[in-house]
Protein chains: 2
Amino acid sequence: MVKSTRPREGGTASRALDVAERLVQVRGFNAVSYADVSKELGVTTAALHYHFAGKAELGEALIIRYRERFNDALEAIDRDTSDAHAKLEAYADLYSGVLRNDRMCLCGMLAAEFDSLSTGMQGAVLLFFKENEAWLADVLQEGREAGTLEFKGTPLEEGRSILSCLEGAMLVARSFGEIGRFQQVVDHLLAMLRPSAQSG
Amino acid sequence: MVKSTRPREGGTASRALDVAERLVQVRGFNAVSYADVSKELGVTTAALHYHFAGKAELGEALIIRYRERFNDALEAIDRDTSDAHAKLEAYADLYSGVLRNDRMCLCGMLAAEFDSLSTGMQGAVLLFFKENEAWLADVLQEGREAGTLEFKGTPLEEGRSILSCLEGAMLVARSFGEIGRFQQVVDHLLAMLRPSAQSG
DNA sequence: GTCTATAGGCAGATAGAC
DNA sequence: GTCTATCTGCCTATAGAC
């Protein structure tokens, strides 16, 4: 079960998650230590253990909060945007924002380290992906019905492709330190979804 | 400079690379230790240090050999296949093979851990990507001229998109343990390149 | 909630014998 | 080329004072 005991905003637990999130998104989970987080936080590792029983629990809390915030952002998109194509652009912008902060998507990063994670963290990562795919599928379905998006196969299949491509584009673009590489893939993907888009 | 001092096939250095390669592709570089590799190899860590000065040197040798073998495979595709579309299918099959062994692309894995790698390893990873993109660009150019492939933009841009999408598809598919997810993205990408392919 | 102190283990790495 | 032995440092984690 992926529960959410939201730590109080501004409290130590919350700030610990802020620091850990950034470090993990930049270096990877296995390259971040309790000492890294607690030092930057200005407390001892013992204090950190008071808030999170172990590194795995800290990692799980990290994913859960990331996922909740991401879902909030998706709801905001649904609220503010009606056109399906514009929703996809807004979705891609979420990723662009992460990349501009020199970070990788938290769950994309953890997907690479998947086999070395606790089962709790693994489950939380997969849940994040599933919810993203489901949201994308809904948007694609809307767009298809409204005639503003065209694609082969089912909305879920197309959503899965989009998620995979965005994660990969982040991964590679960040290595090169060239955000333009990410945007190019996004433009390519969105162009393919335009009604009657010719491939060549 | 990315030099290649090929270790003798079957020797300790070569077998060490075999073991390390598999472990890194499964767990990630930062979750693999000298002890892990040497233990599985049946030698001590001191012996491993005789062949590779440090973990970074081992890592670099890993990428260099991986890259050389990958380039050999690309040459083989060029030799055995004339149709551009078939070349792309063969290229995707290289990745499928990696995934079937429950592994991630070595350089995709290291791209996630990029910021925690030595500069030598970083350079080798980027070189791998660049060479892949260049090969893809060549194939795409051939296909466009032969009329067997259609795509928007330059061959290099399209090649970069393909590389990113394949790496991302591996990343996500492997987390779910569902190779079918990877194949679905591949089918989608290849379908988009068919001449006169309609998007919807 | 945070601290000091410390345990126990594993990391990468080296010296020197064989 | 491989070994034993060892070093130093960092890791996660805990006990107990404040």
Side-chain angles (χ1 to χ4, degrees), chain A residues 5-24 26-63 65 109-110 113 115-122, chain B residues 5-24 26-63 109-110 113 115-122 124:
Chain A
T5 327
R6 280 180 204 258
R8 183 173 54 79
E9 194 82 18
T12 298
S14 173
R15 286 186 301 125
L17 290 176
D18 293 340
V19 171
E21 183 176 82
R22 175 171 45 76
L23 291 178
V24 171
V26 171
R27 297 186 206 161
F29 189 72
N30 292 320
V32 175
S33 72
Y34 250 58
D36 292 331
V37 177
S38 54
K39 189 191 290 181
E40 195 168 325
L41 208 57
V43 298
T44 61
T45 60
L48 202 49
H49 273 288
Y50 171 81
H51 296 282
F52 304 97
K55 202 186 170 188
E57 286 76 14
L58 170 60
E60 244 185 279
L62 221 47
I63 307 167
R65 194 185 67 162
M109 178 67 84
L110 296 176
E113 301 177 293
D115 281 36
S116 68
L117 303 181
S118 67
T119 54
M121 288 184 69
Q122 289 181 339
Chain B
T5 327
R6 281 180 202 258
R8 182 173 55 79
E9 194 82 19
T12 298
S14 174
R15 288 187 299 127
L17 290 176
D18 292 341
V19 171
E21 183 177 80
R22 175 169 47 76
L23 291 179
V24 172
V26 171
R27 297 185 206 161
F29 189 73
N30 291 321
V32 175
S33 71
Y34 251 60
D36 292 330
V37 176
S38 53
K39 189 192 290 183
E40 196 168 325
L41 209 58
V43 297
T44 61
T45 61
L48 202 49
H49 273 287
Y50 170 81
H51 297 284
F52 304 97
K55 201 186 171 188
E57 286 75 15
L58 171 60
E60 242 185 281
L62 221 47
I63 307 168
M109 179 66 84
L110 296 176
E113 300 177 292
D115 281 36
S116 69
L117 303 180
S118 68
T119 55
M121 288 184 69
Q122 290 181 340

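All values below were derived from every heavy atom in this structure, side-chain atoms included, with hydrogens, water molecules and symmetry-related copies excluded. Order of the sequence lines fixes the chain letters, A, B, ..., with proteins taken first and strands second; residue numbering starts at 1 for each chain.
Nearest nucleotide to the B/D36 side chain, out of C/dT2, C/dA11, D/dC3: C/dA11.
Rounded to whole angstrom, the span from the CG atom of B/L41 across to the C1' atom of D/dG1 amounts to 12 Å. Between A/H49 atom NE2 and C/dA7 atom C1' there is a gap of 13 Å when expressed in whole angstrom units. If you take NZ of A/K39 and C1' of C/dT2, they are 18 Å apart, rounded to a whole angstrom. We find that NZ of A/K55 is positioned 16 Å from P of C/dC10, with the value rounded to whole Å. The distance from atom CG of A/L48 to atom P of C/dC3 is 11 Å, rounded to the nearest whole Å. To the nearest angstrom, P of C/dA11 lies 13 Å from CG of B/N30.
B/S38 places none of its side-chain heavy atoms less than 4.5 Å from the side chain of B/T44. In this structure the side chain of A/L17 reaches within 4.5 angstrom of the side chain of A/L58, judged on heavy atoms. With a 4.5 Å cut-off on side-chain heavy atoms, B/R27 and B/D36 count as touching. Taking the side chain as every heavy atom from C-beta outward, A/M109 and A/F29 never approach each other to under 4.5 Å.
Between A/H51 and C/dT2 there is a side-chain polar atom (N or O) within less than 4.0 angstrom of OP1 or OP2. At C/dG12, none of the side-chain N or O atoms of B/T45 fall inside 4.0 Å of OP1 or OP2 (strictly under the cut-off). Side-chain N/O atoms of A/T44 include one lying less than 4.0 angstrom from OP1 or OP2 on C/dC3. Taking only side-chain nitrogens and oxygens, B/S33 comes nearer than 4.0 Å to OP1 or OP2 of C/dA11. Under 4.0 angstrom from either OP1 or OP2 of D/dT12 there lies no side-chain N or O belonging to A/Y34. The shortest distance between the side-chain N/O atoms of B/Y50 and the OP1/OP2 oxygens of D/dG1 is below 4.0 Å.
Nucleic acid contact for B/V32: sugar-phosphate only, since backbone atoms but no base atoms lie under 4.0 Å from a heavy atom of the residue.
A/E40 places no side-chain N or O within 3.5 Å of a backbone atom of A/V19 that could act as its donor or acceptor partner.
The residue among A/A46 and A/A35 whose nearest nucleotide of DNA chain D is located toward the 5' end is A/A35.
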